[in-house]
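Report on the structure given below.
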Amino acid sequence: MTENAPNTAEFTDFRPEARAPRGFADKRASQIAIERKLIANVSKVYEDFGFEALQTSAFEYADALGKFLPDADRPNVGVFSLQDDDDQWMALRYDHTAPLARFAAQNWETLPKPFRRYAFGPVWRNEKPGPGRLREFMQCDADTVGTDRPEADAEIIALAVAGFKANALPTVLRINNRKLLNGLLASLGVDSAGQQMGVLRAIDKLDRLGLEGVQLLLGGGRKDESGDFTKGAGLNDAAIAAVLSFVAAGRDASGGQAERGAVLDKLAAVLANSPEGQAGLEDLSRISTALAGLGVAESEALFDPSIVRGLEYYTGAVFEAELLMETRDEKGNLVKFGSVGGGGRYDDLVARFTGERVPATGFSFGVSRLAAALALADSGAETGAVQPVRGPIVIIAFSEADMGEYFKLAADIRAAGLAVEVYLGRSGMKAQMKYADRRLSPAVVMLGGDEMANGTVTIKDLDQGRELAGKISDNKEWREARPGQVTLPRAEAINHLKSIVNG
RNA sequence: GCCGUCUUAGCUCACUUGGUAGAGCGCCAGAUUGUGGCUCUGGAGGUAGCUGGUUCGAAACCAGCAGACGGUACCA
């Protein structure tokens, strides 16, 4: 906008409301910085473990994304989809796993196997947004395709733990195996899909509702505080008792988290009659051995039979990462972030394309959610994770005639590796100083009439003034103090600026 | 999807039973011809979410819709 721009109202009567779509958020520099750092740290860990980078397209054909085929009436439930010119349905990816399965199936012949890749980027889900839950968010995934070894699962777990560690994020990874859950359901004689789903959903709510809530959901149902009634799975008392003892196997005598070995022993008793359950225990046992070798501590990764994850494609081990950091919003209310990452084994996903079973396992790191958690955590405490973004050095624009000189000086400073800009507004000196202050600029460079005449520049270290500002209440004194301000020969300017910027 | 609460200036919120909108913060300017903070003074900024209804008159009452928030469900 320039001074001469006519009022836009003269062009049109329609004035759209300036707002981002529901569930989509703008990210300012400090938020972007957090996300970039998270991604960089996690990528490094993934590469150290031998995973190669892969980027796939944002859109996939809808059939490649799996069960979320848009139906004619409601093409946009769950995913964002649209119909291409040739009438084929395309949809924005909702995670990185389905695109990987497509890529692996498409390139299987030529890939080194097992194929290990990591990927990061936004994913989109068309659903109701909530706190810490947007319709566009960033994930960073690592997956191993083409091996059924439980050690591959263990390595993914170690990788996830290392990723959180690299970012100094206090988390715990909870591990379970779908085969245990399936074995439990089979031994209980629960074979209708609807009832199975009901039982699994009930188990999944252990952390939030406790044993009592789970018990209600397994039986007749449960009424929550809002008066909403959730229908139960309708199990009989004996079956409910069996499920509860299965879930309780994750706890030690005092109600805390039991050690990995102890959990397996308890589960072995509960699942004694189930072949599939025994197979799951065998997998977990090998994972446990591998985790010990990988140096993953009990406090970092534990077995928790109540972990279920999504109901669709997991076939074996499942993992879920929980953030242990306390976060509060601006009003001081506790914010619960829930899962900040998860994954598991999905042995049937590639087979959708090729007909041939290709075992795979992976983990997804919830970058956006973690970044949001860090930003909140830092607004209260000072973890050092969130740094305010510093502005550039600002060259004050005094006169129209000298703009060329300002740009010449800016180029010299830039060549020395420092960020700098010439003030391009039309405001006076005071406003320019204010501008530099708000950008958190380290310094201002003044090349006015006096300096031009004398071959000098005046440089003002803004941080020194920021420190002094609180101590001086009198304006005259403040202005005369000219904190951190020096006038020196132009040849010395760049070295002085360097010393200010580099502290 | 379901239940509940809410929607007035950029932000946070007022406006005693319906009579034509205000504060704090922020922003801009001046006090301070080339100097950020503090202080003081002045100024800009509002179709009261939208649409319709009741009324002489609606920000206020009613209805529908939209959006926000909270809970619940779902979460690949």
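Reminder, nothing fancy here: chain letters follow the sequence lines and each chain counts from 1.
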Check: Does Arg125(A) put a side-chain nitrogen or oxygen below 4.0 Å from OP1 or OP2 of C75(B)?
Finding: no
Note to self: Can you tell me which nucleotide in G36(B), A76(B), U35(B) comes closest to the side chain of Lys434(A)?
What the structure shows: G36(B)
Next item on the list: Assign Arg466(A) to base, sugar-phosphate, or nothing according to its heavy-atom contacts below 4.0 angstrom with the strands shown.
Entry: base
Item checked: Ser364(A) vs Gln139(A), side chain to side chain donor-acceptor pair (under 3.5 Å): CA-CA, chis, key distance, verdict -> CA-CA 6 Å; Ser364(A) 175; Gln139(A) 292 196 326; 3.2 Å; yes
Next item on the list: Using ring-ring contact (aromatic ring centres under 6.0 Å, His included) as the criterion, list what pairs up with Tyr406(A), not counting sequence neighbours.
Entry: none
Item checked: Spacing of Arg482(A) atom CZ relative to U32(B) atom P, expressed in whole Å -> 15 Å
Check: How would you label the contact of Lys231(A) with the nucleic acid (heavy atoms, under 4.0 Å): base, sugar-phosphate, or nothing?
Finding: nothing
Check: What is the distance from CG of Leu100(A) to P of A76(B), rounded to the nearest Å?
Finding: 17 Å
Note to self: Name the residue from Asp148(A), Asp143(A), Asp153(A) that meets the side chain to side chain donor-acceptor pair (under 3.5 Å) definition with Thr361(A).
What the structure shows: Asp153(A)
Margin query: Regarding U35(B), can its base be found pairing with the side chain of Gln485(A) as donor and acceptor, where the two atoms are less than 3.5 Å apart?
Written below: yes
Note to self: When you measure only distances, ignoring hydrogens and angles, does the side chain of Arg479(A) come within 3.5 Å of the base of U35(B) through a donor and an acceptor?
What the structure shows: no
Notebook entry, point to check: For C28(B), does either OP1 or OP2 sit under 4.0 Å from a side-chain N or O belonging to Arg426(A)?
Noted result: no
Note to self: Let's test your reading of the pairing rules: Watson-Crick or G-U wobble, both distances under 3.5 Å, then write RNA chain B as a dot-bracket string with ( ), [ ], | and dots.
What the structure shows: (((((((..((((.....[..)))).(((((.......))))).....(((((..]....))))))))))))....
Notebook entry, point to check: With sugar-phosphate meaning primed atoms plus P, OP1 and OP2, does Lys460(A) contact a base, only sugar-phosphate, or nothing at under 4.0 Å between heavy atoms?
Noted result: base
Check: Looking across every strand, which nucleic acid part, if any, lies under 4.0 Å from Gly428(A) by heavy atom: base, sugar-phosphate, or nothing?
Finding: nothing
Check: Would you say a side-chain N or O of Lys476(A) is under 4.0 Å from OP1 or OP2 of U39(B)?
Finding: no
Check: In terms of side-chain heavy atoms of Arg309(A), which of A73(B), A76(B), G36(B) is nearest?
Finding: A76(B)
Note to self: Just to be sure I understand the rule, does Glu467(A) reach a base, reach only the sugar-phosphate, or reach nothing, if contact means heavy atoms closer than 4.0 Å?
What the structure shows: nothing
Checklist line | Closest to side chain of Arg208(A), choosing from A29(B), C28(B), U72(B) | finding: U72(B)
Checklist line | Length of the CZ-P vector between Phe137(A) and A76(B), whole Å | finding: 10 Å
Check: Which residues within residues 490-500 of chain A lie with some heavy atom under 4.0 Å of an atom in RNA chain B?
Finding: none
Check: Centre of Phe51(A)'s six-membered ring, under 6.0 Å away, within 45 degrees of the axis: is that where NZ or CZ of Arg116(A) sits?
Finding: yes
Next item on the list: Take Asp283(A) and Arg178(A) through the salt bridge (charged side-chain N to carboxylate O under 4.0 Å, His left out) test and state the conclusion after the steps.
Entry: CA-CA 11 Å; Asp283(A) 285 354; Arg178(A) 268 305 165 71; over 6 Å; no
